[in-house]
Amino acid sequence: MQFVVGMDKAFSNKAGVALEKMKKAGVTSVETYVLWKDIEGAGEGRFDFSLFDEDLTALKEKSLKWVPFLVIGPWYSTPEWFLRSEKSVPSVCLEHNKQGGNQSIWSPFLKDQVKRTLKAFLDHYKGETAIESVLVGISGDYGEAIQTVYGNWPGEYHGHRGYWAGDAYAVESFRNFLLYHYDSLANINYSWGTHYSWEEVRPFMPTLSSAPSRKALLDFHQWYKESMTSWADWWLTQLDNWPWDVYLVTGGNDEPEHASSFAEQCRVTANHKRGIRITNEASDYTLNFMLTRLVSTASRKYGSYFSTEPASSVNEKGEVGRVYNAYSSGARAFHEYFYNLFQDIEGNEKPNLRFLPSSVLARKGDEKPVVSVGLVTSQNTRILDGSFGEEELNASKKIRELTDFDLLNEDLLSNGSIDYRFLIFAFPFMAPENLLSKLVAWIQDGGTAIIAYPPKNLDGDSSTFKSLLGIEEEVIGVSEIKPLTRLGTQGVTSRAYKVSGDAELHAVMSYKESETKAVVWSRKVEKGKVLAVSSSPSSRIFTNALRECLYGSLIGVEPLQKPYEPIPIEGIYPAATEDHLILYNSTDKQVKIKIKTGEAVLEPNSISMF
């Protein structure tokens with residue numbers, strides 16, 4: 001993989017020893033932030049790249065390459081002369097109707113500045129072979145393809161997590177979006193259940209309590225998200241003739257407030273034969289996996305490439321998990337900060353540098369993961385019913401110990417074929433009726449779905465999947481369940497479903513009083529199968545049922561090959577590529593397991609390949 005270390009600019013006279021140590025550790029390149037104000041701070045048209053030329057010369061002397069991170073638009077990158085000009089259009093929050101510091105992505109004046117600055121950079125460095133790749137920062141507080149979150153150097157400007165769509169050009173864009181989709185104000189009012197004049201049609205606080213209607217709420221979020229995707233697409237168009245790999249930098253966790261859709265950002269980067277750098281990791285492997293997997297999944301689906309970077313500090317153990325996550329997910333590059341590896345610019349090392357699995361980093365990136373399972377997540381549910389919570393993360397950890405999986409949202413499921421053997425609906429899922437029909441067709445054609453919550457349409461109606469599952473009504477009330485040896489589970493539960501008694505439905509676990517009050521059951525649906533589990537996805541009932549569905553004979557589908565035995569072991573994570581079985585032991589103990597070729601020993605905090 002490309003191994004990139006981010007450093008402060010103007011390091012050339014101080015970091016000679018550190019550069020030598022980085023080269024010895026397998027680092028391929030150094031990233032520095034190239035802020036707009038650092039190359040055009042003296043005035044419009046007065047470009048000066050000398051600061052970065054000196055650093056580039058120092059890198060060449062150590063046989064290292066350069067990764068410039070070009071940032072245009074965020075407050076901390078914008079020259080004073082532009083901030084003071086009439087062409088500066090700061091974004092405005094809907095919560096307080098106050099200006100922030102970052103430039104509005106809807107501003108018609110910003111595009112000219114981006115074009116000029118990108119042209120100046122290309123004219124200066126065209127033909128430079130010491131550039132490994134280029135990162136582009138198009139928005140957000142630090143350059144990510146998201147809206148303002150907390151503010152950069154909080155207090156310097158108005159900044160907070162929320163919605164930034166109150167400037168005049170955002171209002172104009174919103175109205176144009178609605179007119180494109182509805183043709184007239186009368187149609188907008190009919191769909192929203194409102195009686196607005198054109199002046200009243202403007203971005204609103206997009207919550208259920210503040211929006212004019214559910215339809216208006218969904219329209220706002222679609223526009224908000226598509227606006228950031230379109231802005232990214234426009235940027236990438238300006239870079240179509242650049243000779244280096246280009247990464248669009250994004251971050252966060254795909255929250256509605258961020259205006260990002262990782263899946264759609266990957267799609268547009270693929271259209272331009274470019275990639276994504278996802279900046280959101282920390283030290284916990286499972287959290288990192290969930291934060292980056294949507295990018296990994298979408299990159300492989302659409303044919304783009306990607307790299308990973310932490311959001312801040314990482315501990316020694318976290319470095320191993322980060323490398324495993326990047327390599328087993330198919331990343332092209334791995335980014336780390338200089339001060340996570342070294343104590344100072346003189347090159348005094350931190351323990352993190354010794355913990356890095358250099359043999360894995362030295363391998364070629366762009367591995368091809370082999371994944372048969374998809375875990376379904378939903379932006380619509382986050383918009384209509386709340387955010388991704390602690391239960392989802394806890395459940396995802398248990399599922400990840402059982403199997404590698406891709407993360408799939410509405411955008412990915414809607415576009416193209418669904419190429420998985422198993423789909424897991426562990427969390428509430430809301431989607432348009434046409435997508436629900438597509439999922440039903442996938443099951444009927446031979447797919448297997450494991451369902452904890454029957455999916456709903458955007459009006460909150462779950463009748464399509466309740467019918468598929470044979471559900472007649474939900475049963476609420478604590479009751480003893482029948483013990484079932486193959487699931488290793490007994491005790492009590494508080495939720496079940498009364499199900500139909502048709503020949504294709506088989507109760508696996510039920511209330512002791514009645515088998516028609518099912519807790520776990522399967523149903524044949526033409527060529528496919530569904531396994532319903534009316535229990536929390538972090539519960540032992542759900543985990544055991546999922547294990548027996550994936551690797552056993554619980555519902556009579558061909559099982560997956562076990563990556564190791566006995567599965568699962570807490571803290572052991574399996575993944576497979578076209579060439580290798582890759583196991584990550586995140587525990588502090590040596591673990592012995594059985595794999596296809598015999599017994600294997602997994603050392604503490606290590607990555608093993610077979």
Side-chain angles (χ1 to χ4, degrees), residues 1 3 26 278 280-293 295-297 306-310 314-331 333-336 351-352 354-373 375 393-407 543 547 550-551 560-597 599-610:
M1 284 187 292
F3 181 8
I278 176 68
N280 58 7
E281 289 190 302
S283 298
D284 180 86
Y285 165 70
T286 312
L287 176 61
N288 291 344
F289 176 87
M290 291 300 292
L291 290 173
T292 61
R293 194 58 170 194
V295 167
S296 164
T297 302
F306 75 100
S307 63
T308 60
E309 185 196 36
V314 178
N315 62 31
E316 304 97 291
K317 188 173 178 178
E319 297 288 4
V320 182
R322 284 198 61 233
V323 172
Y324 175 74
N325 187 37
Y327 186 78
S328 64
S329 298
F334 174 85
H335 292 246
E336 184 52 284
N352 289 35
R354 296 190 295 275
F355 267 75
L356 279 172
S358 55
S359 61
V360 179
L361 284 168
R363 302 180 71 91
K364 186 179 181 298
D366 292 318
E367 277 272 7
K368 304 298 182 189
V370 177
V371 186
S372 300
V373 180
L375 178 65
L393 287 174
N394 290 336
S396 301
K397 181 178 189 296
K398 294 178 181 295
I399 296 169
R400 182 62 190 89
E401 287 172 345
L402 269 176
T403 182
D404 197 7
F405 59 80
D406 278 342
L407 205 55
T543 303
R547 182 194 65 226
L550 296 178
Y551 298 113
L560 298 174
Q561 180 180 322
K562 290 183 181 179
Y564 68 89
E565 292 190 47
I567 191 170
I569 298 175
E570 186 175 356
I572 306 298
Y573 300 98
T577 67
E578 292 178 343
D579 301 315
H580 299 99
L581 168 64
I582 314 173
L583 297 174
Y584 169 42
N585 177 8
S586 69
T587 74
D588 296 323
K589 298 179 181 179
Q590 186 185 79
V591 177
K592 293 182 180 180
I593 58 170
K594 290 182 180 179
I595 59 175
K596 193 175 182 180
T597 55
E599 188 175 78
V601 177
L602 308 181
E603 297 298 335
N605 303 310
S606 68
I607 301 169
S608 301
M609 294 193 191
F610 306 97

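What you see is a predicted model, and the numbers here were worked out from it, not measured in a lab.
- A donor-acceptor contact shorter than 3.5 Å is absent between the side chain of E578 and the backbone of V370.
- A heavy-atom distance below 4.5 Å is not found between the side chains of I572 and E401.
- Put simply, CG on L602 and CD1 on I569 are 7.5 Å apart, with the number rounded to the nearest 0.5 Å.
- Between the side chain of T297 and the backbone N or O of D406 there is no donor-acceptor pair closer than 3.5 Å.
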Show me the donor-acceptor pairs, under 3.5 Å and distance only, between side chains in residues 358-365 and residues at least two apart or in other chains.
unit_1	atom_1	unit_2	atom_2	d
R363	NE	Y327	OH	3.0
R363	NH2	H580	NE2	3.2

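- Atom NZ of K317 sits in a crowded spot, with more than 12 heavy atoms from other residues, nucleotides or ligands closer than 6.0 Å.
- How far OG of S608 is from CD1 of I593: 7.5 Å, rounded to the nearest 0.5 Å.
- The minimum heavy-atom distance between D404 and A576, with the atom names listed, is OD2-N, 4.5 Å.
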Item to complete: Walk me through it: do N325 and T308 pass the test side-chain hydrogen bond (donor to acceptor under 3.5 Å, both in side chains)?
Response: CA-CA 9 Å; N325 187 37; T308 60; 5.8 Å; no

Worksheet item: What's the verdict on side chain to side chain contact (heavy atoms under 4.5 Å, CB included) for K368 and T577, showing C-alpha distance, side-chain angles and the deciding distance?
Response: CA-CA 5 Å; K368 304 298 182 189; T577 67; 5.7 Å; no

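- The main-chain N or O of E319 is never found under 3.5 Å from a side-chain atom of N352 such that the two would form a donor-acceptor pair.
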Worksheet entry | Criterion side chain to side chain contact (heavy atoms under 4.5 Å, CB included) on F610 and L583, from CA distance to verdict | CA-CA 8 Å; F610 306 97; L583 297 174; 3.8 Å; yes

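- Between L550 and T403, the shortest heavy-atom contact is CD1-CG2, 3.8 Å.
- Atom CE of M1 is separated from atom CD of E367 by 9.5 Å, given to the nearest 0.5 angstrom.
- Between the OH atom of Y584 and the CE atom of M609 there is a distance of 13.5 Å, given to the nearest 0.5 Å.
- The two residues R322 and E336 have their closest heavy-atom pair at NH1-OE2, 3.4 Å.
- Less than 6.0 angstrom separates the ring centroid of F289 from the ring centroid of F405.
- Closest heavy-atom contact between P574 and L402: CG-O, 4.2 Å.
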Practice prompt. Give the C-alpha distance, both sets of side-chain angles, the deciding distance and a yes or no for side chain to side chain contact (heavy atoms under 4.5 Å, CB included) between V373 and I399.
Written response: CA-CA 10 Å; V373 180; I399 296 169; 5.9 Å; no

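- The side chain to side chain donor-acceptor pair (under 3.5 Å) analysis of residues 560-576, with sequence neighbours excluded, yields the pairs T286-Y573.
- At least one donor-acceptor pair under 3.5 Å links the side chain of S328 to the backbone N or O of Y324.
- Once rounded to the nearest 0.5 Å, the distance linking OG1 of T587 with CD of E603 reads 10.0 Å.
- For the residue pair S586 and N605, the shortest heavy atom distance occurs at O-OD1, 3.3 Å.
- In plain terms, the two heavy atoms of T292 and E281 that are nearest each other are CG2-CG, 3.8 Å.
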